[in-house]
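When a ligand or atom number is given, it counts from 1 through the structure's own listing order.
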Amino acid sequence: MTDPEAALGQIVRDALAAELGAAYADADPLIRPSGFADYQSNAAMALAKHVGRSPRAIAGPVADRLSASAAVAKAEVSGAGFINITLADEWIAGSASAQLEDARLGVPPAEPAQCVVVDYSAPNVAKEMHVGHLRTTVVGDAVVRVLEYLGHRVLRANHIGDWGTQFGMLLEHLRDVGEQAAYDLLAAGEINDFYQAAKTKFDADPAFAERSRRRVVALQSGDPETTRLWQLLVRDTEHYYNAIYQRLGVTLTDADLAPESFYNPMLADVCDELQALGVAVISEGALCAFPPGFTARDGSPLPIILRKSDGGYGYDTTDMAAIRYRTRDLGVDRLIYVVGSEQALHFSMIFAVARQAGWLSDKVRAEHATIGMVAGDDGKRFRTRSGGSVKLITLIDEAIDRAEEVIRDRYDDPEQRRQIAEAVGIGALKYGDLSVARDSNYVLDFDRLLALTGNTGPYLQYAAARIRSIFARAGLDPANTSPGPIHLGTTAERTLALRLLGFGRAVEDVTAAAEPHKLAGFLFETASAFTTFYEQCPVLSAQRDTRGSRLALCALTLRVLVTGLGLLGITVPERM
Ligand code: ARG
């Protein structure tokens, strides 16, 4: 066990059991990071009442027992009964050496492994993917990678919007401009122009509006020619999304498409089942569900609409069908929806209805991993100067161009410079999304995201690149050397080693609430500890044993950084 908190937890439990009796072998050791030592245990305070002794009367003898453990250098009682614990250098060094030998870098596989749906990205057909979609895409993809690394079975679900009344006007517009011209526009990402042109005609031209309405009916009734046109439209847009996914290094493929239309054949049956269960009722001609606890401002119960009075189905119905399909047919244990926070009410209502229907329960849980807003300098939603939403592909290009400026002086070879700029620019953009809590808003400011210092993608990539260059200077391949063993001579080495041991916990912490920023924060602290180490501890010029130990610390840091960034979907350039 190389996780210090878990290892200490076991040692404290053993000490509690020895001091207080076997009944306490499962007590919570309440290990927390401490400002005075490596960790503290607050268990004595929690148990005092139950045991009938003062906290200090428990803490004293427990601390004595802890001191006897080989893993512990010092255990001292402080204040009302805290036990401050300093780990033994030998334990830290030995654990770090073991972590370096471990193919999983000290990350234990999840127990039990679950089957998890992650619903993310989900742009809309014939509508530009905007910065908000960038965020759900990047965060969702990181969550997926972490879950898979831990051994969970993950079903990626790209719930794209490919259905609805607006398709009438879009299809009529497609016919007007011609199939090839539409393809050229859409595949090039001129999606907003396409959509706007259709909308303008719809608003201005009654004949076009009428054609559009007839086209919706034809689409819904499965008219073959209309279906063919619709498929073209969907395919053209997907072409563009796929280009973006590829540029970003996102793991979504066509196999992960679970568009709204996929659920069409299930909608009638879902409505029938909810009605038969008594969860849905007819209200003013529409089939509605009124989940308990949701009320409008005036206090009246708030519905989700499952079937409109004209027989049409909408976004709510599709999502109900998706929950039933995922839980019943796919048999998943957990559903994570990585979607903008403006849909919070939608998801809490459909989850509530799904619980009423018995599709969700304490065993099969759904959660909305809310995504905050990406803002511009003015603090408002990020837009172009002219007020339109920004083309994602433009944003990606800008990130890379700017990254190239940052590294311009270092590379003469334009080919190589461009390649590194790709990794740095995209890394900066993604890390900007992943380093802040997913539900908070953040300002997209390229200067900040691309800074080589601070909590940025480039800073982390740079730390890894520095380590590679140490090995390169020594003529060694970091993947194929087993230096070491690790021993800890200085505070900087000790701090770095102890930090590295937290990797497993940091990875695990991402999964509890789908929060990649927890891993990002860990990686930043690791890179910072490495920077201090690098400034204070010569590696290649050190004496033989010290050199071996420091090279081992470098190798471990490199692996943790590269693996950790990889879990966030960020690549590390060979050089920087
Ligand atoms: N297409 C939707 C949008 O752009 C997001 C869909 C999210 N997933 C879902 N199952 N509702 O807002």
Side-chain angles (χ1 to χ4, degrees), residues 116-141 143-144 154-167 170 189 191-192 195 230 233-234 237-238 240-242 244-245 250 252 256-264 266-267 270 289 291 304-306 313-330 332 334-355 359-360 364-374 381-382 389-392 433 438-439 514:
V116 188
V117 165
V118 184
D119 184 315
Y120 70 108
S121 191
N124 301 308
V125 166
K127 268 212 196 140
E128 174 61 83
M129 224 198 215
H130 52 71
V131 227
H133 288 121
L134 169 71
R135 219 172 162 195
T136 91
T137 304
V138 167
V139 171
D141 212 50
V143 169
V144 158
V154 176
L155 303 170
R156 294 163 175 75
N158 194 357
H159 191 96
I160 63 174
D162 68 342
W163 202 253
T165 46
Q166 73 277 21
F167 278 89
L170 292 167
I191 295 186
N192 275 336
Y195 189 91
W230 169 75
L233 190 65
V234 173
T237 326
E238 278 166 10
Y240 172 63
Y241 300 152
N242 282 338
I244 290 185
Y245 294 150
V250 164
L252 285 167
D256 306 312
L257 288 170
E260 291 179 16
S261 64
F262 173 79
Y263 300 98
N264 284 351
M266 309 173 202
L267 301 180
V270 161
I304 66 165
I305 299 181
L306 294 163
Y313 303 109
Y315 191 59
D316 289 343
T317 330
T318 312
D319 262 326
M320 289 308 303
I323 294 182
R324 191 182 77 169
Y325 175 73
R326 290 165 182 177
T327 54
R328 189 179 291 176
D329 299 307
L330 301 178
V332 307
R334 181 180 179 192
L335 299 95
I336 303 175
Y337 291 78
V338 187
V339 185
S341 50
E342 64 283 353
Q343 295 194 33
L345 181 64
H346 165 75
F347 284 112
S348 44
M349 290 184 78
I350 64 159
F351 294 165
V353 175
R355 266 193 304 273
W359 303 341
L360 294 176
V364 182
R365 287 184 310 122
E367 63 213 66
H368 178 195
T370 51
I371 298 293
M373 182 183 68
V374 183
R381 196 171 286 282
F382 192 83
S389 66
V390 178
K391 259 170 74 175
L392 208 46
D433 261 352
R438 57 167 167 69
D439 55 350

inquiry  = List the protein residues in contact with ligand 1, where contact means a heavy-atom separation under 4.0 angstrom.
reply    = Asp119, Ala122, Asn124, His133, His159, Tyr315, Asp319, Tyr337, Val339, Gln343, Phe347
request  = Tell me yes or no: between the side chains of Asp162 and Ser261, is some donor less than 3.5 Å from an acceptor?
outcome  = yes
task = For residues Tyr241 and Leu252, determine if any side-chain heavy atom of one lies less than 4.5 Å from a side-chain heavy atom of the other.
result = no
inquiry  = Before you tell me yes or no, could you show the steps for Ser121 and Tyr245 under side-chain hydrogen bond (donor to acceptor under 3.5 Å, both in side chains), namely the whole-Å CA-CA distance, both residues' side-chain angles and the distance that decides it to 0.1 Å?
reply    = CA-CA 10 Å; Ser121 191; Tyr245 294 150; 2.6 Å; yes
ask   = Judged by atom type as modelled, is there a donor-acceptor pair below 3.5 Å linking the side chain of Arg438 to the main-chain atoms of Ala514?
value = yes
task = Calculate, to the nearest 0.5 Å, the distance between atoms CD1 and CD belonging to Ile371 and Glu342 respectively.
result = 10.0 Å
key: Aromatic ring proximity, centroids under 6.0 angstrom, Phe262 and Tyr325   = yes
